[in-house]
Amino acid sequence: MGTSDIVKFEALSPAEFFRRNREIAGFSNPTRAIYQAIRELVENSLDATETFKILPSIKIYIDYANQSRSWVSIYVEDNGIGIPNDEIPNVFGRVFYSSKYRIKQHRGIFGLGAKMVVLYAQSTTNTPILVRSAPLRSDVIYEYQLMIDITKNEPVIVSQRILENRYGWHGTAIKVVLEGDWSKAKRRVEEYLRRTAMVAPYAEFMLRGPDEDDAIKIPRVTTKMPDPPREGLPHPKSVDVELIKQLIQKNPNTPLLEFLTENFDGVGEAIAKKFIDFVGLQSDMPVGKLMNDELVNFVTKMREFNEWRRPRADWLSPIGEDILAEGVKFVLRPEIVFTVTRKPSSYMGNPFIVEAALAWGGAIEPSDNPIIYRFANKVPLIYDEGNDVVRKIVDEIDWTQYKVKFPAPMAVVVHICSTKIPYASAGKEAIAEVPEIENEVRNAVREVARKLRLYITRKEKEQELLMKYAIFSMYAEEVINALSYVSKADPNELRSSINALIREKLRIRSLEDLLTNHAVEGNENSDSNEDQKHEPSS
Ligand code: ADP
Ligand code: MG
């Protein structure tokens, strides 16, 4: 008996793989599935708007499609750039089909999210997804009903028609029916939208659920948007053998020098020549000549070589200190917020930027631990906080150095953007421990913490002054009474000159001045370039 008689071998299509393992893409149970489906659709909508400088307007309608079977219909509509007609079936019906496999910051990265929604709907309710899309300036709206042929990983067009675009609409609208538990998912979805608004205050969201009290509207609070990222080239430190092979195959006759300067980020002619010397090759050698072991050696040397320029950060789109402050202020309603956008940095050739906000007081409930809001490429991370590097760093910080005593009304917001986010798992919910990123997160949080310390110190001083002022004024009243009695002087005149005296002594102009000083808003960019070396030694 041969092996093939007792063991059966077969291939598995990507669609089938994800149908079987939907939990690794976040569709692990009916509550989570609703949250995940909405999240995937909303993130696609945000990518289709803000990346193209369109202020996002996103509508989400939820309804019970069949209450006895807990079927829920989800509708998400955006005002984005739309999808070209002939691409619509593939982007919703073929796992690993995307316009985002580029070196550039996006929310989507895997080319999977939309397909997971279709797969889940189809596996639970056997209904197709409805897609309507109109590209910019299109006279018509394309409509499809789609399913996925799971064994072939191909779209199945259930129906298709073209509608007149009477009002010049552009964007994409999706409707899908899936099994889920809306009443349980609701709070998560709302929290997700709230957090998304924190880092995208230039977007507006409308959510309407099936129940009376379900509607929420998150308005746009600013029309300022971050600059969209540009598309980039790989950095020599981030490549592997396979990528080099692919680049060589495109143009095997290219001389080595040109190959290096044209295909990689941060490689000018001078640096390229130095590198060629370092590897011991010739500048005019056609790259196609590099074979097997030479190739592996070439890539190893690329990683070892230390004179490449730092990766460029033009491929990134940080939120920016002002926009982040506006978003945090609007959502958390703190007394004050401090923000920082750090300078670009990199790990393994991938550029990244860390941003942090520290919100204090106001509507923030005091808690025994700092409340943390984590974001990666503007996507809120909600699950799996315990595994996240941000939680670790924030917990390591000795907050007493910054005059914070717990329970404290404090929230820490950390945003990491990169062309490659090192997620700790396929569920994309936590960021792995990469030393360079850890450092930057620590520096960012400390920077805003220092601003908080200054603020708390100033408030303490003001509090002290206020106390003194109150005591002085109390005694002053008695002195005024006695003086006016013996000298027959006008008590009002006495009062105003004595008050002036007190103010001069306490160096305050007026009581109102002192009181309104508490309500300082916005940022203080005072000590942004001193890093961990200058921590307070208390
Ligand atoms: P990813 O977002 O990782 O690329 P998806 O499966 O979620 O993967 O989406 C696949 C592709 O479909 C996207 O890359 C994008 O080109 C297109 N797409 C999906 N939703 C929209 C939308 N709302 N507007 C425009 N394009 C969209
Ligand atoms: Mg997506």
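Because only heavy atoms are used, hydrogens play no part in the values below, and waters and symmetry mates are left out as well, while side chains stay in. Each ligand, and each atom within it, is numbered from 1 in the order the structure gives.
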My understanding is that we take every heavy atom of each candidate and find the minimum distance to atom 23 (N) of ligand 1. Doing that for V42, D78, N44, which one comes out nearest? D78
So, is I83 polar-close to ligand 1, with some N/O to N/O distance under 3.5 Å? no
For the pair F259 and F298, name the ring-plane relationship: parallel under 30°, tilted 30 to 60°, perpendicular over 60°. tilted
Which one holds for I109 and ligand 1: side chain close, backbone close, both close, or neither close, with close meaning a heavy atom under 4.0 Å? backbone
Taking heavy atoms and a distance under 4.0 Å, where does A48 meet ligand 1: side chain, backbone, both or neither? side chain
Under 4.0 Å from any heavy atom of G82, which atoms of ligand 1 are there? 25 (C)
Under 30°, 30 to 60°, or over 60°: which ring-plane class applies to F18 and F96, parallel, tilted or perpendicular? perpendicular
Short list, please: which atoms of ligand 1 are under 4.0 Å from a heavy atom of G108? 2 (O), 3 (O)
Option among W182, Y75, F205 that satisfies the ring pair (Phe, Tyr, Trp, His ring centres under 6.0 Å) test with Y61: Y75
Below 2.8 Å, which protein N, O or S atoms neighbour the Mg ion (ligand 2), ignoring water? N44 OD1
Taking atom NZ as the centre, does K186 end up with more than 12 heavy-atom neighbours from other residues, nucleotides or ligands that are less than 6.0 angstrom away? yes
Pair R19 + E16, salt bridge at N-O below 4.0 Å: yes
Taking both backbone and side-chain atoms of D47, is any N or O found less than 3.5 Å from an N or O belonging to ligand 1? no
For atom 5 (P) of ligand 1, closest protein heavy-atom neighbour: A114 N, 3.6 Å
